[in-house]
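Contents: one structure, followed by commentary.
Below, each value reflects all heavy atoms present in this structure, side chains not excepted, and no hydrogens, waters or symmetry copies. Throughout, protein chains are lettered first and strands after them, A, B, ... in sequence-line order, and every chain is numbered starting at 1.
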Amino acid sequence: MSLSEETGYEPDPASVTGKAPPVHAQTDLLVIGAGPAGMAAALAAAEHGVQVTLVDEHPVPLRTMGEEVPLHFGGRMAATLGNRNAVLESVLQSHPQLAEASDAGIDVRLGTAVWGLFPHRPTTQWISGHVAGLADEEQAYLLRFKQVIVAAGRRDMGLAFTGWQLPGVMGASAAYQLACTYEGLQARTAVLLGSGDEALLIGNALQDAGVRIAAIVEQASTAVGATHLLERLRSQGARLFTSHVVQQALGDADGVAAVRLARIEADGHHDADELTTIECDALLLGVGVIPAIELLESSGCDIRFDAARGGHAPVLDAAQRTSIPFIYAVGDCAGIWSTKSQGSAIAAREGVIAARAAVRALGAPLADAPADSPVIPDVPARDIANERLAWVRATVLQAPADQMICQCEEVSAAEILALRPPRYLGWGKDFGPHGSAVSDPLGTHPDVVKRLTRAGMGACQGRRCREQITALLALGAGCALDALPLATYRVPVRPLRLDLLASLPEVPAMAAHWDSWFGMASQWVPFWRAPPQYTAAARGSNESVASE
Amino acid sequence: MNRGATAGAAVIVIGGGVTGLSAGWWLAREGIDVLVLEAGVIGWGASGRNGGGCSHHHSPLFLEEQRLWPQLDELLGYPTEFQPNRIRIALDARQFQLYRRALENGAHQGFHSEVLDAKQVRELVPYAPDAPYGGYFYHFGGHANPHRTVQAYAWALQDHGGRLLQHTAVTDIKTRAGKATQVSTTRGEFACDQLVIAAGAATAPLAARLGVSVPLASARAEMIVTEPLAPMRIGGVDGNGLYGRQTLRGNLAYGGGPHEWVEYEDCQQTRAHSTVLQSSIARRLCQLFPKVAHARVIRSWAGFIENTPDGRPILERLSSPQNVTIATLSSVGFGLSPASGRAIRDLVIEGTCRFADLSTVKLDRFAHLEADWRVMQGWLPAGA
Ligand SMILES: Cc1cc2nc3c(=O)[nH]c(=O)nc-3n(C[C@H](O)[C@H](O)[C@H](O)COP(=O)(O)OP(=O)(O)OC[C@H]3O[C@@H](n4cnc5c(N)ncnc54)[C@H](O)[C@@H]3O)c2cc1C
């Protein structure tokens with residue numbers, strides 16, 4: 001390694017300095033997600049001569065879908081989804097603008113997930129510029145970018161009831177995606193949980209796609225979404241159950257065959273005499289749509305709970321810019337509200353606004369640009385924070401039995417609230433006064449609860465339990481949902497095979513100076529041989545050392 | 001020592017990492033009125049982001065580390081997930097040579113290790129490569145779960161009547177007549193008879209307020225975690241330039257490789273982010289455990305960590321102000337924490353450590369340290 005021109009001293013050979021990996025490709029603007037928002041952004045930017053790379057993780061390999069990634073697919077993928085070419089064909093058909101994008105010179109990469117965004121910042125500056133980690137089925141690689149527009153969409157809030165691990169219990173958005181993007185939803189009759197606009201819109205789309213919506217279940221005393229959306233479903237035979245929750249999904253290894261609903265009494269209890277059983281092969285969780293912020297949060301963008309944006313969403317300026325100036329968020333991951341969900345226009349407008357800001361930031365000419373008027377969310381018609389609490393209270397806390405909230409790590413609601421260590425530790429004693437996630441001020445932090453109970457630490461990366469856990473803690477502590485901090489997201493934001501991750505190339509210096517820890521000889525000199533004085537000049541350098 | 005008022009304590013400990021919490025627990029066990037002040041949430045510093053390794057045979061605290069870990073769950077009353085022993089696999093002759101030092105240092109202090117041939121490695125470690133160069137089975141050391149350990153110290157300290165305040169950052173230290181008498185925090189003033197500064201990298205700026213110069217530099221280090229895999233009989237297996245363990249749940253949690261030097265001030269503005277270094281860690285983990293190369297990585301994390309110029313701790317009771325004890329473990333403080341806390345207890349109560357010779361971890365070894373030592377050692381941010 002060469003001496004630093006500035007200081008005259010060699011940089012620490014065991015540090016990252018000079019070991020940046022080769023980067024596979026570069027782009028000016030990376031757009032993540034080829035839905036309406038991302039597509040509009042990519043096309044608008046390309047129009048101004050900017051080099052654009054557009055990636056979308058769809059089509060997702062069948063096996064990955066089986067692991068509930070990126071959505072809670074509930075195993076209801078049709079067998080046809082095993083045919084990669086046919087699947088690609090459906091995805092292309094459902095994204096008619098993809099051809100336009102290719103024609104516009106956009107580098108389109110389908111079946112490619114972005115598993116991490118790595119901005120250059122004072123504490124991570126060993127790699128020059130900003131890079132994204134990408135992976136498809138065969139390889140992982142790095143892409144350097146100057147600006148990035150995240151259009152990563154949405155996810156569904158999970159909700160635990162007896163039998164919710166059965167195939168067929170799935171996110172409403174997941175069902176929509178399987179039916180409409182993949183033409184491969186294996187379900188005939190569905191029960192829809194939730195009556196907000198987002199749930200009803202999906203219900204209608206599925207009905208149009210040939211899935212009968214047998215019932216709509218709402219914990220509140222009236223349906224909360226738009227009347228015309230509700231009536232359209234009811235006119236086609238959907239029954240509405242207000243003041244009801246799911247008590248149990250019934251079925252076997254093939255999946256849900258029926259669902260048992262319970263009426264909620266005035267005191268909140270399930271009325272044991274008013275149970276209704278409805279046959280169905282899919283149970284759609286539509287109690288909350290969640291902006292997919294994991295890339296934004298893990299890369300350090302400011303996030304806050306904003307009821308108008310559907311929960312935890314990035315803090316944005318008028319140009320859709322996050323707190324990190326070269327990262328933008330558009331479409332559902334920037335916030336979800338009713339009028340936005342009714343069509344693609346608002347999402348697309350956000351895309352165009354962000355694209356223009358990115359074009360400007362890239363220094364490309366932007367002729368006769370009128371000032372873009374910012375997108376403002378609807379004034380919330382509903383209190384989504386309290387709605388989510390109400391769903392968890394009525395479904396989980398009032399359930400006749402303790403519910404398994406985290407399916408991957410098998411952690412129940414009672415275990416979360418009691419901060420109980422995982423069963424495999426076999427810790428017999430209870431934690432006495434400390435055995436509460438909510439009475440102990442040390443405990444009521446989703447990350448602390450996660451670390452101690454392991455809820456949310458599993459292979460689905462908390463996609464199905466994260467919001468429920470937070471709601472459970474808020475209910476336990478008697479505080480508002482937004483009073484609790486958000487559990488952090490971690491890279492890779494999609495489970496990534498070790499050998500794929502390992503396949504990124506390295507520079508030779510990486511291996512030449514690899515040590516398990518700081519590679520400092522003096523650190524490991526046993527105390528009985530440690531010299532009495534230490535100076536930098538006299539230090540032994542470049543000795544081969546193995547740290548512990 | 002008199003019991004302090006509510007807005008104070010006989011002993012105030014700054015820093016709710018493993019060092020400060022362990023010290024608080026050891027003091028509380030003696031019935032001493034102790035208050036731990038933590039700027040954020042306990043364990044949010046390096047203490048909640050480390051590999052959980054407990055094998056520090058180079059340290060004067062080693063014997064006590066080894067004595068305490070096997071009984072720590074019992075002493076604390078809460079689980080730490082401690083698992084004894086460690087296997088280290090060498091994939092080439094150089095690694096084999098380097099990993100021998102642990103055997104020698106262990107032997108010097110009365111601990112036994114075995115040298116393993118390829119066949120023995122394969123038998124002990126089902127995920128190991130078909131033809132490893134060799135390895136060691138150290139019958140000492142081990143690993144624990146850092147999160148559980150942090151929480152166990154905190155609960156145990158409270159069980160003994162100690163107090164802990166989170167979200168309380170110390171902003172200043174007041175002295176009178178050669179003693180530290182009071183700390184100012186974001187939540188008011190707290191008086192003390194004795195003060196312990198165990199604040200990780202912040203130990204330097206806090207000590208500077210007392211006119212004491214503590215040479216420290218901050219760096220960022222990373223780890224990765226896979227989905228759970230079938231547990232191996234012995235989870236404490238590492239090597240090939242990695243440290244880490246298979247957790248009792250079955251996840252592989254490993255780190256290693258280069259660190260990134262950072263400015264202390266920059267760490268105050270952000271949490272530690274992981275980078276694509278995780279790929280290089282994954283590469284070596286695949287080499288170490290090729291049989292599970294298909295396992296999925298589901299998390300990574302990074303932590304900021306402080307180092308002294310020679311990488312050895314500073315653990316001493318100052319001569320001026322003489323009621324202040326400072327403790328930085330210089331990037332290897334998790335495993336040593338049961339012992340470092342006890343050493344701090346001794347320093348606070350008796351003025352000297354009864355069970356270990358701390359002469360090699362005193363500040364005065366840096367009496368002749370160059371002012372620009374960081375520059376000379378090349379410990380500067382990568383872009384500098
Ligand atoms: C990736 C990684 C892997 C590691 N692996 C191992 C390992 O395998 N084995 C091992 O032994 N060690 C390991 N370490 C090192 C080990 O984690 C640390 O040495 C140890 O946790 C230090 O504990 P501490 O309590 O001294 O400091 P910290 O954990 O840094 O705690 C200091 C605390 O002080 C608080 N604080 C700071 N300023 C103030 C203020 N003004 N007022 C109040 N509070 C303040 C901070 O918020 C922080 O919580 C690793 C570290 C990292 C990052």
With Trp524(A) via ring-ring contact (aromatic ring centres under 6.0 Å, His included) - residues at least two apart: His58(B)

Measure distances from [X] to the heavy atoms of chain B and classify the residue's part below 4.5 Å as side chain, backbone, both or neither.
| X | result |
| --- | --- |
| Cys460(A) | neither |
| Phe518(A) | both |
| Leu425(A) | side chain |
| Pro485(A) | neither |
| Trp517(A) | both |
| Leu142(A) | side chain |
| Ala140(A) | neither |

Answer key: most heavy-atom pairs under 4.5 Å with chain B among Met510(A), Met520(A), Glu506(A) is Glu506(A)

At a heavy-atom separation under 4.5 Å, does [X] approach chain A through its side chain, its backbone, both, or neither?
| X | value |
| --- | --- |
| Thr360(B) | side chain |
| Ala367(B) | both |
| Pro60(B) | both |
| Arg101(B) | side chain |

Measure from NZ or CZ of [X] to the centre of the six-membered ring of [Y], then state whether that distance is under 6.0 Å and the direction lies within 45° of the axis.
| X | Y | answer |
| --- | --- | --- |
| Arg451(A) | Trp301(B) | no |
| Arg299(B) | Tyr489(A) | no |
| Arg86(B) | Tyr138(B) | no |

Could you go through residues 525-534 of chain A and list every donor-acceptor pair under 3.5 Å that involves a side-chain atom there, pairing it with any protein atom two or more places apart or in another chain?
from      : atom 1 : to        : atom 2 : distance (Å)
Gln533(A) : NE2    : Asp364(B) : O      : 3.1
Tyr534(A) : OH     : Pro309(B) : O      : 3.1
Tyr534(A) : OH     : Gln377(B) : OE1    : 2.4

Arg423(A) and Glu409(A) ion-paired at < 4.0 Å: no

Give the interface residues of residues 285-294 of chain B toward chain A, defined by a heavy-atom separation under 4.5 Å. Leu285(B), Cys286(B), Val292(B), Ala293(B), His294(B)

Pairing residues for Arg497(A) by the salt bridge (Lys or Arg N to Asp or Glu O under 4.0 Å) criterion, not counting sequence neighbours: Asp499(A)

